[in-house]
Amino acid sequence: MKRILLCLLSFLYCGSVFAANAKAMFEQAYTIEKIAPRFSIVLYENTLKKSRPRTRIRRIAIHRLFYLYAKFSMYEDIFILNEKYPPRKSRRKYTKKLIQKMAKRFAFNEELASKVLPLASKTDEESTKQLLTLYNTEPNFHLFRFIFYIKLKIKDKAGLKYCLSELSGINPVFKLVYILKQVPKKMPSYVHKYASQVSLSNQQKMDILYLYGIYLRDRHRYRMAVRYLRMSSSFNTFNTSKRYLNRSLTEAARVLITSGRSREGCSLARGKKIYVQNTADKLLHFYCKERNIQKIRTLKPALLQLAEKENNLFFKKILKIVY
């Protein structure tokens, strides 16, 4: 009897702590959403991890995440969220509209995408085989890109490996992303293998050099990382590069700041806008463009979570600078 009572008290105590942690995280997310919405996402995600099933906090956190994912075109995250937390009528309806929008924008079959994208969020072998069978009826680069990054985010290593091995003519950039994330020690040899191909487009050359720069950055080889990121930038042919800092130079700026060369890093963005695609881009904008240290300080709860989640040295460096 005594043992049962102790177990019950322990369960009640843990449950109350669990709920308190979820509430505190939710309140931080709600506050930060008003200041910089992108940075609230990681806090809402952690609210879901800490909240108990069928609670009001969890329902609101799911709603806010779905809204923010849609707002910032984080399409892969929407399908992952729907898999973890099956949508009700309103969310199903909006997801359908979202697939229509994606199909029109990226020129792939809407009906096919509505079947394939939900399957991409599943990790069992049968779902992956079914996904590939459906995809092969009407292959599309952009549709595969969404499939690939969904599986990358859910860390479905087996599913990724199967897709890459079964599909012929895959862009080598996808294979390099897989190598970078799963077996990074093989990255130099694979970069040399793919970079030596004479049929590469400028886009592929830019992407390969960019990924090698990321590989070097993750090994703290900052000078070499910046060198390859600058080389990657030289193959950028997009018209927007005249007004915006391209992806490669944006990353080079972050690497320079991470290595203690903040002035040089921010100088790369001088005279151009930063094309914001994620929280790291937005943080670079706050630091180099707005020079708003006070705003960055208000984001501390989110920055701490992002630094831990992604082991991101840029977030860690900014935290050291502003505190």
Side-chain angles (χ1 to χ4, degrees), residues 7-103 110 113-124 127 146-147 149-156 276-279 282 298-310 315:
C7 288
L8 179 60
L9 289 172
S10 176
F11 173 78
L12 292 171
Y13 173 76
C14 290
S16 63
V17 170
F18 206 61
N21 287 342
K23 185 180 179 183
M25 189 70 69
F26 177 83
E27 288 172 351
Q28 288 178 335
Y30 186 73
T31 299
I32 286 177
E33 186 180 354
K34 297 175 185 177
I35 305 164
R38 283 183 187 273
F39 291 86
S40 67
I41 290 172
V42 69
L43 297 172
Y44 282 127
E45 288 172 341
N46 282 337
T47 297
L48 288 185
K49 292 176 184 177
K50 294 178 181 295
S51 63
R52 300 173 71 84
R54 296 183 294 279
T55 58
R56 185 169 179 269
I57 280 182
R58 174 168 284 195
R59 288 196 300 273
I60 298 173
I62 290 170
H63 173 77
R64 297 314 303 156
L65 277 173
F66 190 85
Y67 166 78
L68 290 165
Y69 289 156
K71 177 181 174 69
F72 296 118
S73 300
M74 299 170 68
Y75 301 126
E76 297 93 345
D77 296 276
I78 285 174
F79 294 104
I80 294 169
L81 183 75
N82 284 350
E83 172 63 20
K84 286 184 178 178
Y85 308 98
R88 294 183 178 179
K89 187 177 179 180
S90 60
R91 195 148 45 100
R92 284 199 305 270
K93 186 177 179 180
Y94 192 89
T95 302
K96 185 178 179 180
K97 287 183 178 179
L98 189 68
I99 292 173
Q100 289 174 348
K101 178 183 174 183
M102 292 167 67
E110 179 190 330
S114 66
K115 296 175 182 177
V116 165
L117 292 173
L119 281 172
S121 301
K122 300 181 184 293
T123 57
D124 61 286
S127 293
F146 285 118
I147 293 168
Y149 282 104
I150 286 171
K151 291 210 163 288
L152 199 66
K153 284 194 172 192
I154 63 175
K155 298 180 180 179
D156 182 11
V276 177
Q277 294 181 289
N278 51 49
T279 49
K282 194 65 176 178
T298 65
L299 302 176
K300 184 178 180 180
L303 295 180
L304 287 170
Q305 295 294 326
L306 286 164
E308 181 182 349
K309 177 185 175 183
E310 302 176 18
F315 290 117

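Note that these values count all heavy atoms, side chains included, but never hydrogens, waters or copies made by symmetry.
Scored by the ring pair (Phe, Tyr, Trp, His ring centres under 6.0 Å) test, Y94 finds F66 as partners (sequence neighbours excluded). In this view, R64 and E33 satisfy the salt bridge (Lys or Arg N to Asp or Glu O under 4.0 Å) rule, not counting sequence neighbours. Legend: residues meeting ring pair (Phe, Tyr, Trp, His ring centres under 6.0 Å) with Y85, ordered by chain and number and at least two apart, are absent. Legend: residues meeting salt bridge (Lys or Arg N to Asp or Glu O under 4.0 Å) with E45, ordered by chain and number and at least two apart, are K309. Residues satisfying the salt bridge (Lys or Arg N to Asp or Glu O under 4.0 Å) test with K93, not counting sequence neighbours, are none.
A 4.5 Å side-chain heavy-atom check between L65 and I41 finds at least one atom pair inside the cut-off. With a 4.5 Å cut-off on side-chain heavy atoms, L48 and L81 count as touching. Using a 4.5 Å heavy-atom cutoff, the side chains of Q305 and M25 are in contact. Looking at heavy atoms from C-beta onward, V276 lies in side-chain contact with R38 at the 4.5 angstrom threshold. With a 4.5 Å cut-off on side-chain heavy atoms, R91 and I62 count as touching.
Here the closest non-hydrogen pair linking I32 and S40 is CG2-N, 3.8 Å. Of all non-hydrogen atoms in F315 and A307, the two that sit nearest each other are CB-CB, 3.9 Å. The two residues Y30 and Y44 have their closest heavy-atom pair at CA-OH, 3.4 Å. Across every non-hydrogen atom of I57 and S51, the tightest pair is CG2-CB, 4.3 Å. Residues P87 and N82 come closest through the heavy atom pair CD-O, 3.6 Å. Closest approach of K151 and K122 over heavy atoms only: NZ-O, 2.9 Å.
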Inset, instruction - Would you check, one step at a time, whether the test side-chain contact (heavy atoms from CB on, under 4.5 Å) holds for F39 with L306? - result: CA-CA 9 Å; F39 291 86; L306 286 164; 3.9 Å; yes
Inset, instruction - Evaluate the side-chain contact (heavy atoms from CB on, under 4.5 Å) criterion for residues Y75 and K101: first the C-alpha distance (whole Å), next the side-chain angles of each, then the deciding distance (0.1 Å), finally the verdict. - result: CA-CA 11 Å; Y75 301 126; K101 178 183 174 183; 4.0 Å; yes
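Rounded to the nearest 0.5 angstrom, K23 NZ and R56 CZ are separated by 11.0 Å. Interatomic distance, CD1 of I154 versus NZ of K84, reported as 9.0 Å (0.5 Å rounding).
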Validation: residues 113-121 side-chain donor-acceptor distances under 3.5 Å, sequence neighbours left out:
{"residue": "S114", "atom": "OG", "partner": "E111", "partner atom": "O", "Å": "2.6"}
{"residue": "S121", "atom": "OG", "partner": "F79", "partner atom": "O", "Å": "3.2"}

